[in-house]
2 protein chains.
Amino acid sequence: MPTDLRRPERTFTIRQLCTEFKATPRALRFYEDKGLLTPARDGMNRVYSYKDRARLILILRGKRVGLSLQEIREILELYGEHDEAMTQNAHSLKKFREKIVDLEQQREDIEGAINELRTACERLEKHLAEKRPDLLPKAADYDQMLRARLDGHPELLGAK
Amino acid sequence: MPTDLRRPERTFTIRQLCTEFKATPRALRFYEDKGLLTPARDGMNRVYSYKDRARLILILRGKRVGLSLQEIREILELYGEHDEAMTQNAHSLKKFREKIVDLEQQREDIEGAINELRTACERLEKHLAEKRPDLLPKAADYDQMLRARLDGHPELLGAK
DNA sequence: GCGACTGTTGACGTTGACGTAAGGGGCATA
DNA sequence: TATGCCCCTTACGTCAACGTCAACAGTCGC
């Protein structure tokens, strides 16, 4: 399939990306300032390519897992130049390995935190059910919240 | 086993807890300022009980998963008074549910990030092996790093 | 030609989570 | 008695990641 391979020539305005990913123009410009994004220009205006959009997705995901913009930039740089400062890359490799260990630890932590929150919720629910059943929120709320998350952006759920 | 049940009367100085958990005195005092810890006093000096230590563990774990001190305090308060402002607790329940959804999303993100870092590492390793095998770090480093994490603080690995 | 909208570049403000420096007390060891 | 070391409080400084605001430019529809 030579044509339509990921809509290569498609471009985006800053606001399009912002509304798509619930970011702000200020944030995107900030990322650019920090070297994480380098959109083209049409006169003054920024023009984001499909690749820029992909980078933005990685940036936002990195943020959600607690990486700093600095760390995210290092990762992004890996997907660019391949024949540059090798010493630098050896350093990156080490840092990435450390980060993996970090993240595995963090995953453990999250499991623990989820469990704690769950039991805390159960306690609270039981307590409320006994004393103030009128205050109990409906299960529908939770459902709706979940659905809202899954809507619209399947690419945020672990896609490449 | 009535005696020695979790060494009940054991206490700690601020520095002991700091070195044990790699925190700083400033941080512990800060947590106290924000109402997350309330150690006893011996004159001016803080005296941390075993319970305080347990709370500190929860605080640090909360931080690692990205909870704000404010959120952590809410969770900790749940393990205390049980007959207080019920309206407040209904609110907490809602926030906890939201946080669980957040954390589940975050866990997904971490899975993805780990995978990306792994493939990035593989790439880099391959690239380095071809062009600059002298810069390749030894696998032993990684091992040692892992062991260092697991040492000393088994209670950090998801215990209650 | 005129809003309304969207875009731009500074520059300053804000929030959370501490760091750091200043000033002082308590106790032990040299 | 002086020198450390650890503790305390108060207060100002810092850093990341933006938010907010000002001041201005391009373009669309009428």
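Every chain is numbered from 1 and lettered A, B, ... according to where its sequence line falls, protein lines coming before strand lines.
- Considering only side-chain N and O atoms, B/R73 lies nowhere under 4.0 angstrom from the phosphate OP1 or OP2 of C/dG16.
- Distance A/D33 CG to C/dT8 P: 13 Å, rounded to the nearest Å.
- The interatomic distance linking A/R15 (CZ) with C/dA4 (P) rounds to 17 Å, in whole Å.
- One finds the OH atom of A/Y31 at 11.5 Å from the CG atom of A/L76 (value rounded to the nearest 0.5 Å).
- With 3.5 Å as the limit, one finds a donor-acceptor pair spanning the side chains of B/Q105 and B/D109.
- Across the interface with DNA chain D, nearest-nucleotide mapping of B/I14 and A/M44 shows B/I14 to be the residue nearer the 5′ end.
- Rounded to an integer number of Å, the gap from CD of B/Q70 to P of C/dA17 is 9 Å.
- Atoms CD (A/Q16) and P (C/dG7) sit 8 Å apart, rounded to a whole Å.
- Within the structure, every side-chain polar atom (N or O) of B/T13 is placed at least 4.0 Å from both OP1 and OP2 of D/dC6.
- Within the 4.0 angstrom heavy-atom criterion, only backbone atoms of the sugar-phosphate kind lie near A/K63; the bases stay farther away.
- As a whole-Å value, the separation of B/L67 CG from C/dG16 P is 15 Å.
- Side-chain contact annotation: B/D102 with B/Q106, donor-acceptor N/O pair under 3.5 Å absent.
- Rounded to a whole Å, the CG atom of B/D42 is 11 Å from the P atom of D/dC8.
- Residue A/R46 places its side chain closer to C/dT8 than to any other of D/dC8, D/dA17, C/dT8.
- Of the possible donor and acceptor atoms, one in the side chain of B/R73 sits under 3.5 Å from a partner among the backbone N and O of B/K34.
- Side-chain nitrogen and oxygen atoms of B/Y31 include at least one within less than 4.0 Å of the OP1 or OP2 phosphate oxygen of C/dC18.
- Put simply, CG on B/N45 is 10 Å from C1' on C/dG25, counting in whole angstrom units.
- Within the 3.5 Å criterion, the main-chain N or O of B/S49 finds a donor-acceptor partner in the side chain of B/D52.
- Using modelled atom types, one finds no donor on one side chain facing an acceptor on the other under 3.5 Å when comparing B/Q16 with B/E20.
- One atom, CD1 of A/I59, and another, P of D/dA17, lie 12 Å apart when rounded to the nearest Å.
- Listed by residue number, the members of residues 23-30 of chain B with any heavy atom below 4.0 angstrom from DNA chain C are B/T24, B/R26, B/A27, B/F30.
- A/R97 and A/E104 are not joined by a salt bridge, as no carboxylate oxygen comes within less than 4.0 angstrom of a charged side-chain nitrogen.
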